Amino acid sequence: MRSHLCNRCGSCVGLSGGSVQFVEKTGAYRPTVTGPIDDALAGLLWKACPGKSFDFVENRKRIYPETPNFHTFTGPYFRIGIGHATDGGIRKAGASGGVISAVLIWLLEKKMIEGAVVLGMSADEPWLTQAFIATSREQILEAAQSKYIISSVNEILPAMEAFRGRLAYVGLPGQIQSVRLLQAMNHPSVKNIRYIFGPFYGNTLHFSSITSFLRTYGEKDYRNISRLYFRYGEWPGNMRVEFSSGRVITLKKFHANYLIPFHILRNSLYCTDLTNEFTDISGGDAWAPVYEERGKGFSMIISRSAQGESILQQMISEGALRFSQIDEQEAISMHSHGYDFKKRGGFIRIKFRKMLGKSVPDYGYRPAGFAFSRYLMEIVISSLFILMGTRFARWLVELFPPALIGGIFERTRTIWKKSTYSVKRKKP
Ligand SMILES: Cc1cc2nc3c(=O)[nH]c(=O)nc-3n(C[C@H](O)[C@H](O)[C@H](O)COP(=O)(O)OP(=O)(O)OC[C@H]3O[C@@H](n4cnc5c(N)ncnc54)[C@H](O)[C@@H]3O)c2cc1C
């Protein structure tokens with residue numbers, strides 16, 4: 001709980017019956033012990049925590065025995081493709097192609113589930129996120145789009161246990177890993193889950209990213225926020241903040257990426273799962289100029305389990321989803337910078353952390369054979385993360401217009417993508 005290995009999945013809070021809580025969600029957002037914990041509860045929380053360990057190899061064998069394809073970068077899969085929801089309203093509401101929301105709505109309308117665990121924004125505190133069980137198309141669409149601040153979906157495990165009906169569950173890799181651990185224990189909190197879906201995951205940010213962003217525009221109090229969006233408007237969308245005063249601030253998503261090195265949750269640096277490898281279906285952005293130029297919204301879709309593949313097939317044949325299959329190499333090159341960050345950088349950072357005598361996560365596998373130059377590059381990247389995470393650097397960046405800093409970051413991303421393009425030809 002006190003190390004950088006906590007990904008804030010929220011399971012310890014959800015399972016603790018009130019004895020563990022997130023006390024400052026606008027601050028460090030750490031789970032804090034606030035009540036009694038006996039040995040049995042401590043044992044359960046430890047076993048359900050994916051931060052310290054999650055065996056990718058064992059869990060893949062257990063969960064995907066019938067899945068024909070696998071690559072260390074993509075995880076197990078039946079098919080990978082580019083697509084989007086054919087319903088224009090769903091596509092527009094989604095972060096990318098609206099695929100995750102379309103799948104949830106399809107399952108609900110086919111009566112294959114009665115509810116979907118999703119992440120919306122809080123009604124009482126609209127600057128914070130709030131997980132809930134959506135039981136209608138409108139509620140699923142209300143919760144569409146990515147939220148880039150720390151969000152602890154598994155806090156609602158008790159509500160999932162009490163729910164009368166079958167559930168689909170949407171979460172980030174750490175949250176899903178914990179659900180998978182609980183499923184292996186036959187824990188009642190996850191008994192209603194029939195399907196698991198999830199977005200790709202580069203990183204997530206502390207709430208300080210919002211307060212810092214506001215300060216650059218002269219807004220001092222986040223409590224004046226009436227609506228907060230991270231992917232508003234046409235894909236790839238904009239960060240958009242609406243205030244009770246009527247003021248609206250927007251910044252291109254690619255420009256808002258400048259907040260990442262200043263406010264990244266340190267655990268993101270030790271998470272090595274980009275494509276959400278333990279879902280039935282995962283969805284990411286279709287990052288390639290050919291799609292980015294067209295706007296409108298395109299997702300990369302990965303079907304992983306037999307039931308995920310069956311949903312995909314039915315939705316395509318019924319016209320609910322548009323899908324063009326691509327091969328593994330093309331898929332990897334579209335996210336080459338992301339794989340470099342997670343599957344090379346992530347493991348090197350874990351190695352550095354171990355050398356400093358700190359606890360490290362055990363993922364059951366360790367890619368080896370990175371070039372010496374990649375280690376050097378990681379020293380530069382990690383040093384930048386440390387420097388840019390200081391108070392001074394955060395204060396300094398607030399003096400510049402976000403569009404200017406954002407433009408520099410957008411160009412850096414393009415260069416990084418080009419320089420990592422060869423990642424697809426090498427296995428780690
Ligand atoms: C923190 C974060 C980091 C991401 N990083 C990358 C990346 O590096 N590369 C990439 O290609 N894609 C990334 N994505 C995924 C991308 O932004 C889209 O979510 C994905 O393409 C699915 O789009 P969609 O239109 O199908 O989803 P939608 O139809 O918009 O549905 C998204 C679903 O995800 C849920 N959700 C949103 N945010 C969260 C959250 N923080 N925690 C749990 N559930 C959530 C919503 O409730 C909704 O059900 C990231 C997403 C998030 C949330």
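Please read these numbers as outputs of a predicted model, since none were measured by experiment. For ligands, and for the atoms within them, numbers begin at 1 and follow the listed sequence.
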With a 3.5 Å cut-off and no angle check, do the side chains of S282 and R304 form a donor-acceptor pair? yes
Check ligand 1 against S96 and write out every atom of the ligand that is under 4.0 Å from a heavy-atom position of the residue. 18 (C), 20 (C), 21 (O), 23 (O), 24 (P), 25 (O)
Could you walk me through whether R194 and Y169 pass the side chain to side chain donor-acceptor pair (under 3.5 Å) test, one step at a time? CA-CA 8 Å; R194 297 291 181 279; Y169 172 98; over 6 Å; no
Numbered atoms of ligand 1 (with element) below 4.0 Å of V99, judged on heavy atoms: 24 (P), 25 (O), 26 (O)
Given Y148, F200, F132, which one has a non-hydrogen atom that is nearest to atom 13 (C) of ligand 1? F200
Ligand 1 to G97, heavy atom cutoff 4.0 Å, flagged ligand atoms 25 (O)
Return a yes/no value for A143: is any of its N or O atoms, backbone included, closer than 3.5 angstrom to an N or O of ligand 1? yes
Got a salt bridge between D273 and K343, using NZ or NE/NH1/NH2 to carboxylate O under 4.0 Å? no
4.0 Å heavy-atom contact, I140 with ligand 1: no
Side-chain ion pair, E109 and R137, N-O less than 4.0 Å: yes
Ligand 1 versus S299, non-hydrogen atoms closer than 4.0 Å: side chain, backbone, both, neither? side chain
My understanding is that we take every heavy atom of each candidate and find the minimum distance to atom 36 (N) of ligand 1. Doing that for Q145, E142, H84, which one comes out nearest? Q145
Taking atom types as modelled, find out whether D285 and S96 have a side-chain donor-acceptor pair closer than 3.5 angstrom. yes
Nearest non-hydrogen contact to atom 17 (O) of ligand 1 from the set S146, G98, G237 belongs to S146
Any non-hydrogen atom of G338 lying under 4.0 Å from ligand 1? no
Name of the residue among F341, Y365, Y339 meeting ring-ring contact (aromatic ring centres under 6.0 Å, His included) with F347: Y365
Between W287 and ligand 1, which residue portion shows a heavy-atom distance shorter than 4.0 Å: side chain, backbone, both, or neither? side chain
Examine the proximity of ligand 1 to V153 and report which part, side chain or backbone, both or neither, has a heavy atom under 4.0 Å away. side chain
For atom 35 (C) of ligand 1, which candidate among L205, V170, I105, N203 provides the closest heavy atom? V170
Is the shortest distance from a Lys or Arg side-chain nitrogen in K253 or E410 to a carboxylate oxygen in the other one below 4.0 Å? no
Are D55 and R60 within salt-bridge range, i.e. N to O under 4.0 Å? no
Do you see a donor-acceptor pair shorter than 3.5 Å between the side chains of K351 and Y375? yes
Top protein contact for atom 42 (N) of ligand 1, by heavy-atom distance: L172 CG, 3.4 Å
Identify, for atom 27 (O) of ligand 1, the protein heavy atom at the shortest distance, and state residue, atom and that distance. I100 CB, 3.8 Å
If the cut-off is 4.0 Å to any non-hydrogen atom of Q175, which atoms of ligand 1 fall inside it? 42 (N), 43 (C)
Should R394 and E398 count as an ion pair when the cut-off is N to O under 4.0 Å? no
Pair S268, Y201: side-chain N/O donor-acceptor within cut-off below 3.5 Å: yes
Carboxylate-amine/guanidinium contact E155 K25, below 4.0 Å: yes
Proximal candidate to atom 38 (N) of ligand 1 [heavy atom criterion; set K92, R8, K253, K147]: K147
Can you check whether G284 has an N/O within less than 3.5 Å of an N/O in ligand 1? yes
When you measure from the heavy atoms of R91 to every atom of ligand 1, does any distance fall below 4.0 Å? no
Of all the heavy atoms in R231, does at least one lie under 4.0 Å from an atom in ligand 1? yes
Can you name the side-chain contact (heavy atoms from CB on, under 4.5 Å) partners of R62, sequence neighbours left out? N59, R180, A184
For atom 20 (C) of ligand 1, grab the closest protein heavy atom and report residue, atom and distance to one decimal in Å. G283 O, 3.3 Å
Counting from 1, what ligand 1 atoms have a heavy atom of G202 closer than 4.0 Å? 3 (C), 4 (C), 5 (N), 6 (C), 7 (C), 8 (O)
Applying side-chain contact (heavy atoms from CB on, under 4.5 Å), can you list everything that pairs with T211, at least two apart in sequence or on another chain? F207, S208, R215, Y222
Element-labelled atoms of ligand 1 that are located less than 4.0 Å from some non-hydrogen atom of S101: 28 (P), 29 (O), 31 (O)
Report yes if some N/O of A95 lies less than 3.5 Å from some N/O of ligand 1; otherwise report no. yes
Top protein contact for atom 49 (O) of ligand 1, by heavy-atom distance: V118 CG1, 3.6 Å
Which protein heavy atom lies closest to atom 40 (C) of ligand 1, and at what distance to 0.1 Å? L119 CD2, 3.3 Å
Distance-only N or O hit between ligand 1 and H335, under 3.5 Å: yes
Regarding S303 and E309, is there a side-chain donor-to-acceptor distance under 3.5 Å anywhere? yes
